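Take a look at the structure set out below.
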Amino acid sequence: MKLQPLVILLLWTWLGLLAHAAAAPRESTASPASPAGQSRTTPNSLFAAGLEAYRAGDFDAAAEAFGRCALEHPSAGAWQNLGNAEWRRGRLGPAIVAWERALWIDPRDARSRNNLRFVREQAQLEAPELRWHEIASTWLPHVWWAWITTASLWLTGGLTILPVVLRWRRAGWHHAGAAVALGIFLLTIPAQIGTYTRARIGFVLERDTLLRLTPTTEGEAVTQLGAGDPVRVVRTKGDYLFVETGRAKGWLTKTELALICP
Amino acid sequence: MKDAERPRQQPSRIRAAALALVALIFPSVLFAQPTSTMPDPLLTLMLNQPSIEIATNIEVTAEFDPPAVRPGEKAIYRVTFNALDESIVWPTELTPPEGLELRQSARGMTLISIPGKLLPRTGINYHARTRTTGSFVMPAFEVQVYTQRVRVPEARLEVVPPGTSVPPPPRQLRFQLSRTNLFVGEATIAQIILPMIAPSVIQRLDQPKINGEGLLVDQGTIRQMVTALPQEGQAFIYQATVTPLTAGTLSLSAQGFTGGTSFAGTVVLQGQTTIPGGLSQFVLLDSDPIQITVRPLPDEGVLPGFTGAVGRFAPDPPLLSAGEVAVGQTLRLSVTVRGEFNVTRLVPPPPPRDPLWRVQPAVVTMTPPRGPMPVPGTWVTFVYDMTPLADDASATPPIPFSGFDPVKGEYVDLTIPSIPVRVTPGSNAADARPIIAANTAAAAEVNQPLQLSAIAATPGRQAASLRPLQQRRWFVALQATPLFCLIGLWVWDQRRRFHERHPEIRLRRRARRLFRRERRLAERAHAAGEATRFARHAVRAMRIACAPAEGAAPDALVCNDVLRCLNGVAGEKNGHETVRRLFDIADADAFSNGSVRTEGILDLKIETDRILAKLDEAL
């Protein structure tokens with residue numbers, strides 16, 4: 001009985017740590033303007049350099065800076081701005097990939113969502129057809145889903161096992177808590193599956209990309225894909241990916257498409 | 001009476017049952033409709049059609065038209081089959097003699113009507129040119145026709161020196177477009193002109209066709225006429241509206257068979273004409289290709305309601321079916337749009353989103369507009385059904401519509417204006433409130449045009465990686481922490497429960513630990529020569545060793561208890577005297593105030609060790 005407060009304290013500490021870790025990808029409030037003398041390789045300086053180049057109309061330099069910033073320190077803003085810069089450069093496929101990655105990090109990023117709608121309407125492109133569990137996975141950042149699933153699972157296990165093991169006095173809140181946590185855990189499972197399958201969605205980078213019947217350079221062309229066309233990766237063989245689109249299945253090289261989650 | 005009727009009733013019942021069974025199994029036998037004696041008119045029509053002659057004896061001709069030309073002049077290498085076009089497997093490339101250039105210009109098929117049959121005639125044309133004089137022989141070669149190999153005979157072209165008289169140039173079609181610099185979607189008129197072989201003698205152009213990719217030929221606008229042209233004189237003209245669908249430079253040409261003297265459809269004849277009699281010569285003619293430049297529509301300046309209308313359009317004022325309408329009742333708005341060419345393909349603008357109106361998508365009708373009858377195909381009428389949802393509405397909503405004017409090179413506003421209308425309260429006005437709310441939201445969304453968002457001023461939400469958390473190793477490893485904790489707790493609980501069921505295990509373990517401690521202390525006391533302390537710790541060790549077996553606390557045991565334990569548990573029969581002496585000294589040390597006689601007690605060390613070893617084994 002003397003252990004009960006200690007265990008509760010430990011449990012809450014652990015959950016607190018989880019919550020803290022979940023909040024790790026927090027909003028950055030850093031000023032885009034880097035102070036003089038700061039190293040050019042910091043995320044803020046890269047971001048600021050990208051902003052400067054974009055506003056000056058140098059979209060090549062902006063794409064370079066935002067691309068480095070997004071790869072080294074992924075953030076929704078960096079990916080969104082990279083998409084804008086790529087779009088201004090006339091590169092539709094990379095622009096769509098960048099905006100999709102911005103949404104992957106922050107599903108509530110209204111700008112990237114708007115840009116995707118805009119360019120898809122402009123270019124008469126289809127958005128990837130998401131299944132119901134994939135739509136559920138877009139309601140929260142995928143990091144949140146992982147932590148919620150983890151916390152609810154161990155809360156269920158803890159509230160089920162600890163009162164028995166530690167011979168706590170039987171209380172209704174043990175069962176209620178475990179039931180609620182189990183319910184949350186079960187509800188997050190589809191979103192977890194959706195996150196996993198959504199990570200296999202990719203986008204064609206260049207226009208007139210041939211979808212081939214066999215994983216060879218001489219393979220017969222099944223159809224031609226346009227830049228920004230969504231595909232789902234089914235399996236991999238060497239440098240080739242077997243993908244399915246809304247109208248056909250076939251092989252693409254790895255360099256011909258970019259996945260949301262590389 | 002009843003018995004007498006029974007034999008007569010039984011056969012009728014059996015017949016009824018048999019009839020019911022047959023009806024159940026073969027319902028069509030009993031309930032089949034009477035077969036019509038009239039033949040199916042469609043089937044009759046199909047059977048009455050003349051059959052297409054599929055000749056087993058394939059005839060092929062190959063010739064140059066004309067057979068002699070001067071250098072640089074054009075001749076037509078023409079191959080003709082009496083077979084269906086689809087049955088001929090024609091080689092992709094021909095191998096002409098050296099110095100002769102060949103370019104395929106036409107390929108087509110016509111069906112020649114003879115009594116009771118249709119004879120297929122397929123022609124394949126190549127334009128041939130050469131810059132050198134000489135005799136050029138197109139060698140014979142074989143092609144697959146139906147299931148047999150057919151030999152295309154050789155053909156000879158004589159190229160004579162300049163200045164030499166040669167036969168007249170080959171008969172050709174002339175192909176022209178009213179405009180050759182177009183925008184995508186801009187319709188223009190194409191004419192295929194067949195000059196007459198003699199003045200006032202006309203021939204029909206059979207199977208006319210406009211060749212070229214990225215082009216839509218509007219079959220609904222085809223016109224045929226015979227008229228006098230300044231260059232060709234009397235000519236047969238086939239006219240159609242064509243619309244380019246792709247941007248870039250397009251190459252177009254025309255082809256058709258000559259020789260038909262039977263005219264189908266409406267043909268406008270002007271001037272004095274003669275239709276020759278006798279058998280016709282069906283020859284495939286073609287035209288020189290013409291290039292047209294097609295520009296894409298500009299991205300800038302697109303106006304709301306653009307549905308792909310390219311051309312010059314003029315909408316008439318819209319008309320309403322009534323000037324007054326009650327809430328919930330439907331009003332019909334019709335607007336006629338006129339254009340230069342065929343506008344029947346015009347896509348109506350989508351219905352507007354207005355909170356106070358529910359507007360159905362437009363229906364396209366070909367009802368003639370009011371006033372003088374225009375040229376068919378140059379107008380189209382859009383009809384919208386509109387329902388007012390509230391009596392606040394005082395005019396129909398404007399319908400955004402726009403088109404691209406290729407002459408101006410810009411988008412022009414063709415919005416269908418709103419018309420004042422009197423809306424009276426209806427009986428179901430309350431039912432329309434949810435629709436009004438939904439329309440308001442939809443209208444707000446539609447009225448906000450999409451455009452590229454501005455760039456983000458801050459990095460926003462950050463992530464360590466794009467890779468999902470559940471696919472990262474550290475995250476998987478982290479899950480092991482609570483797992484191991486829970487497993488450890490469970491193991492500990494199981495162990496605790498086992499000890500609770502078997503308390504003697506813990507008692508013996510604890511006794512063993514204390515026994516060894518006391519024994520060590522006794523040995524230290526013996527080494528220090530302290531007999532009393534030696535006896536005290538030795539006795540204490542004996543009591544601890546015997547306590548689990550006796551089920552009592554060690555301090556509660558007396559000498560007899562230890563001796564009994566020695567006899568029973570340890571099987572020790574000797575050494576009782578040693579135990580008594582040790583107890584005597586220990587008790588005297590504990591309870592006596594006087595001095596304790598300890599002579600010789602240290603000499604019992606060996607015997608004491610043996611007893612303690614026995615007890616240790618038993619423990």
Side-chain angles (χ1 to χ4, degrees), chain A residues 14 24-32 43-44 47 50-51 54-55 62 69 73-78 80-81 84-85 87 101-102 104-106 109-112 114-115 117-119 121-122 141-143 145-147 149-150 153-154 157-158 161-162 164-166 192 195-196 199 260-262, chain B residues 184 245-246 296-302 304 306-308 350 445-446 448-500:
Chain A
W14 185 71
R26 53 201 165 272
E27 294 282 344
S28 169
T29 54
S31 167
N44 283 341
F47 194 86
L51 285 180
Y54 190 93
R55 284 167 181 156
C69 181
H73 311 280
S75 66
Q80 192 235 310
N81 291 355
N84 283 39
W87 170 255
R101 286 176 179 170
W104 176 256
I105 292 174
D106 185 3
D109 183 358
R111 290 178 176 179
S112 296
N114 174 74
N115 287 345
R117 277 181 60 202
F118 169 71
V119 299
E121 192 174 292
Q122 288 275 312
H142 64 91
V143 178
W145 283 118
W147 286 117
T149 305
T150 303
L153 173 66
W154 294 122
I161 295 173
L162 288 181
V164 177
V165 170
L166 302 180
Q192 289 293 334
T195 301
Y196 177 77
I260 291 181
C261 168
Chain B
V184 170
L245 300 178
T246 56
L297 297 180
D299 292 334
E300 297 79 24
V302 182
F306 180 65
T307 59
E445 188 179 337
V446 168
Q448 206 166 23
L450 277 175
Q451 56 183 359
L452 197 70
S453 298
I455 53 173
T458 57
R461 179 170 292 281
Q462 295 176 330
S465 164
L466 289 173
R467 203 168 181 194
L469 209 53
Q470 61 266 44
Q471 291 180 15
R472 291 188 222 164
R473 286 181 186 169
W474 68 265
F475 185 77
V476 176
L478 184 67
Q479 305 312 304
T481 311
L483 181 68
F484 288 144
C485 287
L486 289 179
I487 290 174
L489 275 173
W490 181 79
V491 170
W492 170 77
D493 183 55
Q494 292 299 309
R495 187 181 175 83
R496 184 180 60 174
R497 287 169 193 275
F498 177 77
H499 285 153
E500 282 172 355

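Because the structure is a prediction, the values reported are computed rather than measured. For the numbers below, each heavy atom of this structure counts, side chains included, while hydrogens, waters and symmetry mates do not. Every chain is numbered from 1 and lettered A, B, ... according to where its sequence line falls, protein lines coming before strand lines.
Heavy-atom distances place no part of B:Q494 under 4.5 Å from chain A, backbone and side chain included. Heavy atoms closer than 4.5 Å to chain B are found in the side chain of A:A199, but not in its backbone. Using a 4.5 Å cut-off between heavy atoms, A:I105 contacts chain B through both its backbone and its side chain.
Contacts with chain B were tallied for A:W87, A:W145, A:W104; A:W104 has the most, counting heavy-atom pairs under 4.5 Å. In terms of heavy-atom pairs under 4.5 Å with chain A, the best-connected choice from B:L486, B:L469, B:I455 is B:I455. The candidate with the highest count of non-hydrogen atom pairs below 4.5 Å against chain A, out of B:P468, B:A454, B:A456, is B:A456. Taking chain B as the reference chain and counting heavy-atom pairs below 4.5 Å, the highest number among A:N115, A:L153, A:N84 is found for A:N115.
Under the 3.5 Å distance criterion, the side-chain polar atoms of B:Q462 are left unmatched by any main-chain donor or acceptor of A:G77.
Pairs of residues two or more places apart, or lying in two chains, never qualify as salt bridge (Lys or Arg N to Asp or Glu O under 4.0 Å) while including a residue from residues 464-481 of chain B. For residues 481-499 of chain B, the pairs satisfying salt bridge (Lys or Arg N to Asp or Glu O under 4.0 Å) are B:D493-B:R496, B:D493-B:R497, with sequence neighbours left out.
Closest non-hydrogen pair, A:N114 versus B:S453, comes out as ND2-OG, 2.9 Å.
Counting non-hydrogen atoms of neighbouring residues, nucleotides and ligands closer than 6.0 angstrom, the OH atom of A:Y196 reaches no more than 12 such neighbours.
Within the 4.5 Å cutoff, no side-chain heavy atoms of B:T458 are placed close to those of A:S75.
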